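Below you'll find the structure, written out as structure tokens, and then a few comments.
Predicted model only: the values in this text are computed from it and were never measured. Naming convention: chains lettered A, B, ... in sequence-line order (proteins, then strands); numbering from 1 in each chain. For the numbers below, each heavy atom of this structure counts, side chains included, while hydrogens, waters and symmetry mates do not.
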Amino acid sequence: MAAVMTERLIYEILSAVEEIPEGRVATYGQIARLIGRDKNARLVGKVLSRAEYYGKYPCHRVVNHAGRLAPHFPEQRHLLEDEGVKFRDETHVDMKKYQWDGT
DNA sequence: ACCCTGACTACCG
DNA sequence: CCGGTAGCCAGGG
């Protein structure tokens with residue numbers, strides 16, 4: 001049963017990620033909140049780290065609360081810049097301007 | 001059940 | 001939004 005719940009969790013997380021508009025970014029906490037699990041931000045990260053295994057989703061549009069890019073995901077910056085997202089430095093997205101409002 | 005781990009976060013300072 | 005600290009909770013061994 002625990003496995004079943006995980007599968008549903010994965011589905012919910014990926015569905016939420018799929019809603020992030022192009023050129024916008026969301027935080028792990030935001031995604032967790034969207035699926036009604038605001039305490040499970042870390043789990044969101046875990047699922048996204050394996051997202052490519054489940055299918056293709058815009059996981060590059062998810063960053064941490066400070067706009068920091070995900071580790072072990074070198075292409076993330078390039079993918080975001082291609083959508084017009086500006087960076088304040090090598091590793092941080094300008095959250096003030098590009099964080100998705102959830103609508 | 002216990003312990004460790006992590007693509008996290010809220011809270012200082 | 002930097003750095004350190006302390007909660008957090010599902011997974012895997």
- Message: How long is the straight-line distance from NE2 of H60(A) back to CD1 of I20(A), given to the nearest 0.5 Å?
- Response: 8.5 Å

- Could I get the full list of side chain to side chain contact (heavy atoms under 4.5 Å, CB included) partners for I35(A), not counting sequence neighbours? L9(A), E12(A), I13(A), A16(A), R37(A)

- Query: Taking only residues two or more places apart in sequence or in another chain, which ones pass side chain to side chain contact (heavy atoms under 4.5 Å, CB included) with Q99(A)?
  - Reply: T27(A), Q30(A), M95(A)

- Message: List the residues meeting salt bridge (charged side-chain N to carboxylate O under 4.0 Å, His left out) with E83(A), not counting sequence neighbours, and say none if there are none.
- Response: R61(A)

- Query: Is R42(A) side chain donor-acceptor paired with the dC9(C) base, going by distance under 3.5 Å alone?
  - Reply: no

- Task: Specify the closest pair of heavy atoms between A26(A) and I31(A), including all atoms of both residues, with the distance to one decimal.
- Result: CB-CD1, 4.1 Å

- Message: Could you report the tightest heavy-atom contact between N64(A) and Y28(A), atom names first, then the distance?
- Response: N-CE1, 3.5 Å

What's the [atom1]-[atom2] distance between [X] and [N], to the nearest Å?
| X | N | atom1 | atom2 | answer |
| --- | --- | --- | --- | --- |
| L9(A) | dA7(B) | CG | C1' | 15 Å |
| H72(A) | dC8(B) | NE2 | P | 11 Å |
| I13(A) | dC9(C) | CD1 | P | 15 Å |
| H65(A) | dC8(B) | NE2 | P | 9 Å |
| R50(A) | dA10(C) | CZ | P | 16 Å |
| N64(A) | dC8(C) | CG | C1' | 16 Å |
| F73(A) | dA7(B) | CZ | P | 13 Å |
| I10(A) | dA10(C) | CD1 | P | 14 Å |

- Among residues 88-103 of chain A, which residues get a heavy atom nearer than 4.0 Å to DNA chain C? R88(A), H92(A)

- Does any residue of residues 16-33 of chain A have a heavy atom under 4.0 Å from DNA chain C, and if so, which ones, in number order? none

- Task: Any side-chain hydrogen bond (donor to acceptor under 3.5 Å, both in side chains) involving residues 88-98 of chain A? Give me the pairs, sequence neighbours left out, ordered by first then second residue.
- Result: R77(A)-E90(A), D89(A)-T91(A), D89(A)-H92(A)

Check the interface with nucleotides 4-6 of chain C: list each N/O to N/O pair with the protein under 3.5 Å, or write none.
none

- Note on the structure: Here the salt bridge (Lys or Arg N to Asp or Glu O under 4.0 Å) pairs for residues 24-34 of chain A, sequence neighbours left out, are none

- Item | Side chain of A70(A) (C-beta onward), nearest among dG11(C), dA7(B), dC9(C) | dA7(B)

- Query: Of all the choices, dA10(C), dA7(B), dC9(C), which nucleotide is nearest to the side chain of P71(A) once you look at every atom?
  - Reply: dA7(B)

Within the 4.5 Å heavy-atom criterion, are [X] and [Y] side-chain neighbours or not?
| X | Y | answer |
| --- | --- | --- |
| P74(A) | Q76(A) | no |
| L14(A) | E18(A) | no |
| L80(A) | V93(A) | yes |

